[in-house]
Student: 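I'd like to ask some things about the structure below.
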Amino acid sequence: MKLATKPTVKTLGEYAYQAIQKHFNKTLKYEKTVKKDEDPEALHQMRVGMRRLRTAVSRFDIVLDLPKPASDKNIGKIARRLGSLRDLDVLKESLEQLYQPKLPHKEQKSLHKAFQALAKQREVALADVLNTLKDEPYKSFKQTLEEWLEKPHYQSLATLPIQQVLPDLLLPEVSVFFLHPGWLVGTQVTESEVKIRSDWQAEKIEQHLTSKGETIHDLRKQAKRLRYQMELFADLYTDAYTEYIAEIKSIQDILGSIQDSVVMGQWLTDVFKSEFNSHLPTLANLLAEHRHQLWQQWQPLQEKYLIVENRHNFHLAILQPA
């Protein structure tokens, strides 16, 4: 009788190596296209690769012995340069595809000034990216990480079986996410019970997004960090865990779209000064309406995860690897 083969238990170090190798290779894959400035999607993919690589490096820090040029901090600096250029591409794409077709002819002509300003800013941001990809810190980052992948060095915890430490790796990030003050934006606390403010008019929501915009944006960034970390281990969990990743992505996307809309409004105000609302009233209204719709999409998710039982179920999914 043939005995069933016991599945290989991967160590924490092996998992860390695979994640770093995967996202480092993805980053390098798009470098040439980014340098040629041929395709905005290549820039997006390279930026995502860098961000995911940074997540892997920072979250596996307890087991890795990485050279300084490949540190979380240095990867973050490079990723931010890519991000500045990408943000301008997203701004241009949104203006062209989502808003410009809906504007009256007069406002479409006024928008020409915005596209000119955008082109100048993008020229500066592109030069910054190209310089970054030629500079010594980036070359050193690539070289040292390539050398580490050929001959990796670890700390003592790297030998632990991955299944043994999964909850300990993930739960601290979950706690930071659920304890973020962004969950309380647009709520009221009555007798220790948190209630969603569903009675607000669009104007009130606008005021709140102006005053609490940074807090909401920071919750979105924490959602992204949690999602990236959870995705590192998706193959070790059941479908319930995958569904939670999908919900975290929805939170990230909705809050990200709110932030993009707020940033666009601020950027247009910088370009047109006090004339923004008078020159582009339709666009100003469209932006406000879009934020209102996004806020209504966010509130059911916000309400769901303010319920203790739902948070507990999220924790239980992480405590029970497949």
Side-chain angles (χ1 to χ4, degrees), residues 8-36 42-87 125-173 176 221-222 224-236:
T8 306
V9 178
K10 285 183 179 173
T11 65
L12 190 50
E14 287 172 326
Y15 238 82
Y17 182 94
Q18 282 187 357
I20 288 169
Q21 183 184 49
K22 176 183 175 182
H23 299 309
F24 180 58
N25 287 342
K26 178 175 181 176
T27 298
L28 297 189
K29 178 182 174 183
Y30 293 99
E31 184 187 323
K32 283 184 181 178
T33 315
V34 169
K35 284 179 175 177
K36 292 176 183 174
L43 173 68
H44 171 59
Q45 293 300 331
M46 186 175 182
R47 180 198 195 186
V48 169
M50 288 294 286
R51 282 178 161 182
R52 288 183 181 272
L53 178 62
R54 187 184 185 191
T55 296
V57 166
S58 62
R59 297 313 177 259
F60 287 118
D61 181 61
I62 54 169
V63 301
L64 299 171
D65 183 10
L66 282 170
K68 192 176 178 182
S71 68
D72 164 25
K73 186 178 178 183
N74 286 343
I75 293 171
K77 285 179 184 175
I78 299 164
R80 278 191 291 277
R81 300 281 174 84
L82 296 172
S84 296
L85 181 58
R86 174 61 186 165
D87 289 345
L126 176 61
D128 194 33
V129 165
L130 296 179
N131 286 332
T132 298
L133 299 181
K134 284 190 293 187
D135 286 350
E136 191 54 41
Y138 181 73
K139 289 179 181 177
S140 187
F141 148 74
K142 280 205 306 182
Q143 184 183 337
T144 54
L145 205 46
E146 282 168 355
E147 288 169 357
W148 185 88
L149 286 167
E150 284 179 22
K151 202 173 179 179
H153 298 276
Y154 301 100
Q155 298 182 50
S156 56
L157 286 174
T159 57
L160 289 174
I162 187 71
Q163 298 279 3
Q164 185 179 326
V165 294
L166 271 177
D168 299 317
L169 280 171
L170 289 165
L171 286 174
E173 200 75 47
V176 173
K221 289 194 286 188
Q222 186 55 39
K224 181 182 65 185
R225 281 191 284 266
L226 176 58
R227 174 189 152 213
Y228 282 179
Q229 186 171 357
M230 288 179 70
E231 285 177 344
L232 290 171
F233 309 109
D235 59 331
L236 299 173

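Heavy atoms only: backbone and side chains are in, while hydrogens, waters and symmetry mates are out. All residue numbers refer to positions in the sequence shown, counting from 1.
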Student: Give a yes or no answer on whether the side chain of Gln229 reaches the backbone of Leu169 with a donor-acceptor pair at less than 3.5 Å.
Tutor: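 Yes: the side chain of Gln229 pairs with the backbone of Leu169.
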Student: Could you check Met230 against Leu170 for side chain to side chain contact (heavy atoms under 4.5 Å, CB included), going step by step and ending with a plain yes or no?
Tutor: CA-CA 7 Å; Met230 288 179 70; Leu170 289 165; 4.1 Å; yes
Student: Are side-chain heavy atoms of Gln163 and Lys10 found at a separation under 4.5 Å?
Tutor: no
Student: With a 3.5 Å distance limit and no angle check, can you tell me whether Ser140 reaches the backbone of Glu136 through a side-chain donor-acceptor pair?
Tutor: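 Not at all, since once roles are kept as given, no pair shorter than 3.5 Å links the two residues.
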Student: Would you call Gln21 and Asn25 a side-chain contact if the rule is heavy atoms closer than 4.5 Å?
Tutor: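 Yes - at least one pair of side-chain heavy atoms lies under 4.5 Å apart.
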Student: Count the heavy atoms of every other residue, nucleotide or ligand shown that sit under 6.0 Å from NZ of Lys26, and state whether that count exceeds 12.
Tutor: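 Result for NZ/Lys26: enclosed.
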Student: Kindly indicate whether the side chain of Trp148, heavy atoms from C-beta on, has any atom under 4.5 Å from the side chain of Leu64.
Tutor: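 In short, these two side chains touch, coming nearer than 4.5 Å.
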Student: Kindly compute the distance separating CZ (Phe24) from CE (Met50), expressed to the nearest 0.5 Å.
Tutor: 9.0 Å
Student: Is the shortest side-chain heavy-atom distance between Arg52 and Lys22 below 4.5 Å?
Tutor: no
Student: Taking all non-hydrogen atoms of both residues, which atom of Lys68 and which atom of Asn74 are closest, and how far apart?
Tutor: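 Minimum heavy-atom contact is O-ND2, 3.0 Å.
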Student: Once rounded to the nearest 0.5 Å, what's the spacing between atom NZ of Lys142 and atom CD1 of Ile78?
Tutor: 10.0 Å
Student: Taking all heavy atoms of Val57 and all of Ala70, pick out the closest pair and write down the distance.
Tutor: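 Looking at all heavy atoms of both residues, the shortest contact is CG1-O, 3.8 Å.
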Student: To the nearest 0.5 Å, how far apart are CD in Gln164 and CD1 in Ile162?
Tutor: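 Those atoms lie 10.0 Å apart.
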Student: Among Val63, Thr11, Leu160, which one satisfies side chain to side chain contact (heavy atoms under 4.5 Å, CB included) with Val165?
Tutor: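 Considering Val63, Thr11, Leu160, a side chain to side chain contact (heavy atoms under 4.5 Å, CB included) with Val165 is found only for Leu160.
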Student: Grab the two heavy atoms, one from Thr144 and one from Pro67, that are nearest each other, plus how far apart they are.
Tutor: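 That would be CB-CG, 3.5 Å.
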Student: Under a 4.0 Å threshold between the charged nitrogen and the carboxylate oxygen, would Glu147 count as salt-bridged to Lys151?
Tutor: no
Student: Can you find a pair of side-chain heavy atoms, one from Val48 and one from Tyr228, that are under 4.5 Å apart?
Tutor: yes
Student: Any side-chain heavy atom of Leu232 within less than 4.5 Å of one from Tyr15?
Tutor: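 Sidechains of Tyr15 and Leu232: no contact.
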Student: Quick one: pull up CD in Gln45 and CG in Leu82 and give me the separation to the nearest 0.5 Å.
Tutor: 12.5 Å
Student: Can you tell me how far apart CD (Glu146) and CG (Leu149) are? Round to the nearest 0.5 Å.
Tutor: 8.0 Å
Student: Determine whether the aromatic ring centres of residues Tyr17 and Tyr154 are separated by less than 6.0 angstrom.
Tutor: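 Between Tyr154 and Tyr17, the centre distance exceeds or equals 6.0 Å.
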Student: List the atom of Leu133, the atom of Glu31, and the distance in Å for their closest heavy-atom pair.
Tutor: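 Leu133 and Glu31 have their closest heavy atoms at CD1-CG, 4.5 Å.
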Student: Taking all non-hydrogen atoms of both residues, which atom of Arg81 and which atom of Thr132 are closest, and how far apart?
Tutor: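 Closest pair (atom of Arg81, atom of Thr132, distance): NH1-OG1, 2.9 Å.
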Student: Tell me whether Lys35 at atom NZ has more than 12 heavy atoms from other residues, nucleotides or ligands lying less than 6.0 Å away.
Tutor: yes
Student: Show the nearest heavy-atom pair for residues Arg59 and Glu173, with the distance to one decimal.
Tutor: NE-OE1, 2.7 Å
Student: Would you compute the distance between atom CZ of Arg47 and atom OH of Tyr30 and round it to the nearest 0.5 angstrom?
Tutor: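 Going from the CZ atom of Arg47 to the OH atom of Tyr30 covers 15.5 Å.
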Student: So do the side chains of Leu85 and Val34 get within less than 4.5 Å of each other, counting heavy atoms only?
Tutor: no
